[in-house]
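Data block below; observations after.
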Number of protein chains: 2
Amino acid sequence: MDETPPEHLKSAGLKSTLPRLKILDLFKSGSERHMSAEEVYKQLLAVGENVGLATVYRVLTQFQQAGLLVRHNFEGGKSVFELNEGTHHDHIVCLQCGHVEEFYDSAIESRQKKVAAELGFEIHDHSLQIYANCTKTKCPNKR
Amino acid sequence: MDETPPEHLKSAGLKSTLPRLKILDLFKSGSERHMSAEEVYKQLLAVGENVGLATVYRVLTQFQQAGLLVRHNFEGGKSVFELNEGTHHDHIVCLQCGHVEEFYDSAIESRQKKVAAELGFEIHDHSLQIYANCTKTKCPNKR
DNA sequence: ATGCAAATGAGAACGATTACCATTCGCATG
DNA sequence: CATGCGAATGGTAATCGTTCTCATTTGCAT
């Protein structure tokens, strides 16, 4: 049902090393879907894994280039990564608790293509974040 | 036709000092519409103005808080600022030459509101950039 | 003209990220 | 299974953008 991890790495031209497997696993089975390098590093430490911070940064970048992860630059200066599951989506970030929710709106997507075309551009990528406040009770963890 | 600069500053609770006037002027009459702190700093140096980099950062942030400037976090890790002329717009950035073009699409705007509402969020702000390549000849300056 | 709080400038400090480099590891080979 | 080589690692120094500190200067009300 699921490809064995090492295959992912091999096909990306990356040796299947311990740190890389650990990090990939963290994204696949960890509790957090969106993680910064620092968070990944801490999670690994918490499980007693000895992985250098430099390696975390390197591996995250490699995974991103290999298409395994997607990198986002939210406000706050740090990059966060998430597993690339092929389905594009944008993000809405709660300014209070930092909670991230994903959404996809085909109308927005198609309008973007139209806008770019009208201006004579060829879309390579785009980045849309909505910064907002949870109005529901589902915003428990204060920042 | 145009308010005298010092009034802008006063009403924002800011003394009209030389550095602040210089920087504001740079945005109002300078050639570049989108500038990073570093760029502002260099422009001032180029004109022989002696303004500290720390002051540039401080003033840019103050202007942003006062609503005179808008801050954007494009890819690349540095913030860029532009004059706030009241009209919201998003940006399309050329990946080759770094040229920034502005656009506004009411359909995208309204869909965002709808999406946020459906998810139980109160929009505070949003950030949309399209990263693309100029297809026209208007992309002269390589990055 | 005078005084004081606010603003400035130079450089130190900072957080996120990258570079460097000696050591270790994955893996193909005999 | 021992060996070897290049890729990967990890600790630390370095870098980059930005903020902080603090002694000095400035704007401006008096």
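Throughout, protein chains are lettered first and strands after them, A, B, ... in sequence-line order, and every chain is numbered starting at 1. This is a predicted model, so every value here is computed, not measured.
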Quiz item: Excluding sequence neighbours, so at least two apart, what forms side-chain contact (heavy atoms from CB on, under 4.5 Å) with Lys42(B)?
Solution: Glu38(B)
Self-check item: Passing option when Asp105(B) is tested against Lys114(A), Lys113(A), Arg111(A) for salt bridge (charged side-chain N to carboxylate O under 4.0 Å, His left out)
Solution: Arg111(A)
Self-check item: B/S/- contact track for nucleotides 18-30 of chain D, protein heavy atom under 4.0 Å
Solution: BBBB-----BS--
Quiz item: What residue pairs, at least two apart or across chains, pass salt bridge (Lys or Arg N to Asp or Glu O under 4.0 Å) with a residue in residues 72-99 of chain A?
Solution: Arg33(A)-Glu82(A), Arg33(A)-Glu85(A)
Exercise. Round to a whole Å and report the spacing from CD of Gln62(A) to P of dA8(D).
Key: 7 Å
Quiz item: How bent is the helix from dA1(C)-dT30(D) to dG30(C)-dC1(D), comparing axes over its five end pairs at each side, to the nearest 10°?
Solution: 20°
Practice problem: With sequence neighbours left out, write down each residue that passes side-chain hydrogen bond (donor to acceptor under 3.5 Å, both in side chains) with Gln64(A), or none if nothing qualifies. | Solution: Arg71(A)
Quiz item: With sequence neighbours left out, which residue pairs that include part of residues 48-61 of chain B fulfil the salt bridge (Lys or Arg N to Asp or Glu O under 4.0 Å) condition?
Solution: Lys22(B)-Glu49(B)
Quiz item: What residues form a ring pair (Phe, Tyr, Trp, His ring centres under 6.0 Å) with His91(B), not counting sequence neighbours?
Solution: His34(B), His72(B), Phe74(B), His89(B)
Quiz item: Could you state the CG-C1' distance from Leu60(A) to dG10(D), rounded to the nearest angstrom?
Solution: 15 Å
Quiz item: Rounded to the nearest Å, what distance is computed from the CZ atom of residue Phe81(A) to the P atom of nucleotide dA16(C)?
Solution: 14 Å
Quiz prompt | Contacts of type side-chain hydrogen bond (donor to acceptor under 3.5 Å, both in side chains), residue Ser29(B), not counting sequence neighbours | solution = Asp25(B)
Exercise. For His88(A), check ring pair (Phe, Tyr, Trp, His ring centres under 6.0 Å) against everything at least two apart and list the hits.
Key: His126(A)
